[in-house]
Engineer: 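Encoded as structure tokens, here's the structure I'll be asking about.
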Protein chains: 4
Amino acid sequence: MPSNARTVRIEWGDCDPAGIVFYPRYFAMFDHSTTLLIERVLGMSKHQLYEAYGFAGYPVVETRARFLLPSAFGDDVVIETSLAAVSRSSFDLTHRLSKDGALAVESFETRVWAVRDPTRPGRLKAKPIPPELVARLTPG
Amino acid sequence: MPSNARTVRIEWGDCDPAGIVFYPRYFAMFDHSTTLLIERVLGMSKHQLYEAYGFAGYPVVETRARFLLPSAFGDDVVIETSLAAVSRSSFDLTHRLSKDGALAVESFETRVWAVRDPTRPGRLKAKPIPPELVARLTPG
Amino acid sequence: MPSNARTVRIEWGDCDPAGIVFYPRYFAMFDHSTTLLIERVLGMSKHQLYEAYGFAGYPVVETRARFLLPSAFGDDVVIETSLAAVSRSSFDLTHRLSKDGALAVESFETRVWAVRDPTRPGRLKAKPIPPELVARLTPG
Amino acid sequence: MPSNARTVRIEWGDCDPAGIVFYPRYFAMFDHSTTLLIERVLGMSKHQLYEAYGFAGYPVVETRARFLLPSAFGDDVVIETSLAAVSRSSFDLTHRLSKDGALAVESFETRVWAVRDPTRPGRLKAKPIPPELVARLTPG
């Protein structure tokens with residue numbers, strides 16, 4: 001299945017008074033890793049999706065994470081993200097964050113495809129992933 | 001001029017490895033204080049503005065702040081926000097954040113009125129504040 | 001088991017371009033709810049714990065969450081947090097976030113007790129929860 | 001004077017319901033740019049400073065910013081950061097954030113050198129910058 005990896009420098013502002021990453025920040029990092037992977041696989045930016053499909057995001061409907069080792073400001077961590085499953089209107093991803101080769105955080109998430117609701121400005125609704133995009137998400 | 005005050009508990013996640021508020025978080029607090037003041041004065045929620053006026057926010061175009069005393073997690077601080085000036089398409093606000101009666105942060109900001117651009121989905125543009133709203137922002 | 005509830009106004013800055021809460025922000029809200037509950041039950045502020053016990057936080061080692069309904073800026077949501085289990089060096093909590101009485105997010109987390117490592121400035125290590133604090137966390 | 005430049009991809013989670021960067025996030029980006037510059041000029045990581053000097057950060061005491069053009073998720077922006085002045089216990093920096101060559105945000109900040117207060121665990125105090133570090137910050 002498609003996957004990517006990127007290195008992230010832990011910033012001072014990511015960390016809490018204990019000097020380690022404030023854990024909600026990990027989810028923000030994973031969210032961006034998901035976007036980088038999806039954009040690459042679909043060959044479209046999130047902004048192009050927004051304009052082409054009335055797309056309004058792929059909100060997370062379920063996630064879980066285990067935090068095995070803390071990371072501190074200044075650390076360089078590697079985040080590996082993989083598409084784990086794709087269905088009609090949702091998809092699953094896994095994230096593995098490691099430091100110096102040791103697994104520090106692992107996470108799993110399920111997301112749904114959402115579009116802007118034309119009948120209610122500013123609101124969104126779930127919808128099947130467009131078939132041509134499903135095809136790109138499930139190569140082979 | 002209209003003003004409000006609220007007490008905010010500094011959260012663990014607001015603070016950095018030095019144990020004090022990570023300063024970008026102060027601007028997030030001020031942003032919410034601005035919304036609470038504007039909503040009260042206009043008698044409409046930001047969401048109602050969104051729906052009634054095609055409103056898309058009142059982005060800050062200029063701000064400055066002085067940080068006189070640090071705040072640590074667990075501190076209860078008071079944020080006083082005042083509307084300082086209102087013009088055709090922008091307005092100014094001041095924020096004073098104090099702890100135990102001592103001024104800790106003071107900030108000034110100028111915001112403009114923005115609406116969704118109907119010709120470019122997902123984009124916004126500046127526009128004069130609707131006159132009936134200007135009237136509510138400038139009592140007396 | 002001890003529990004608490006609080007109402008939180010969803011802020012503009014909590015939300016993403018889809019107009020709904022950026023999900024990492026929910027974890028920041030849950031983190032603060034945990035602190036409010038633990039401080040009340042222990043009768044000490046997080047800062048007092050810091051000073052009295054060399055305490056450096058209670059990092060999350062595992063969490064999971066289901067997001068059933070989105071929340072938008074301006075919504076008032078209720079977060080109910082309960083201590084679910086306490087062991088020698090860790091404790092479990094549940095969070096239920098609801099809007100207009102409907103469950104919107106439910107989450108579970110396990111945290112460990114951490115202290116500053118005197119041999120490595122700026123680092124921390126896990127340690128058993130002081131017995132007098134365990135007694136307060138497990139009434140009855 | 002020393003300066004650096006880096007490219008930053010605007011993330012979904014950096015943006016607000018108007019689809020543009022929530023302005024406190026710009027300050028978080030500037031904070032990290034400052035750290036990257038200071039670390040390069042001093043030849044030490046923020047963590048090494050922490051350990052070598054009892055360093056606890058260089059909190060901002062004053063900042064101002066003008067936001068000339070909005071940035072949206074997916075944009076690649078360039079942040080140029082320069083050391084503008086160095087005195088005995090503080091230093092000034094400027095940040096210029098541009099998009100496609102157009103200046104979008106410009107900001108100025110003054111920071112002080114802070115160390116951990118040995119008499120009050122978890123607190124910090126301002127102090128002169130160590131002379132050997134001042135020398136590295138003011139080449140020529």
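Letters A, B, ... mirror the listed sequences (proteins, then strands); counts begin at 1.
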Engineer: Heavy-atom count check: over 12 atoms from other residues, nucleotides or ligands less than 6.0 Å from R136(D) CZ?
Structural biologist: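 It does: R136(D) CZ has more than 12 such atoms within range.
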
Engineer: State, with a plain yes or no, whether a side-chain heavy atom of H47(D) is found less than 4.5 Å away from one of D75(A).
Structural biologist: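 Of all side-chain heavy-atom pairs linking D75(A) with H47(D), none is under 4.5 Å.
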
Engineer: Which value, rounded to the nearest 0.5 Å, describes the distance between E11(D) atom CD and M29(A) atom CE?
Structural biologist: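 Going from the CD atom of E11(D) to the CE atom of M29(A) covers 9.0 Å.
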
Engineer: Pick one of side chain, backbone, both or neither for Q48(D), based on which atoms fall under 4.5 Å of a heavy atom in chain A.
Structural biologist: neither

Engineer: Can you find a heavy atom in the side chain of W12(A) that is under 4.5 Å from one in the side chain of K46(D)?
Structural biologist: yes

Engineer: I'd like to know whether CZ of R40(A) has more than 12 heavy-atom contacts from other residues, nucleotides or ligands below 6.0 angstrom.
Structural biologist: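 Count over threshold, so yes.
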
Engineer: When you look at NZ of K127(A), are more than 12 heavy atoms from neighbouring residues, nucleotides or ligands closer to it than 6.0 Å?
Structural biologist: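 Count not over threshold, so no.
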
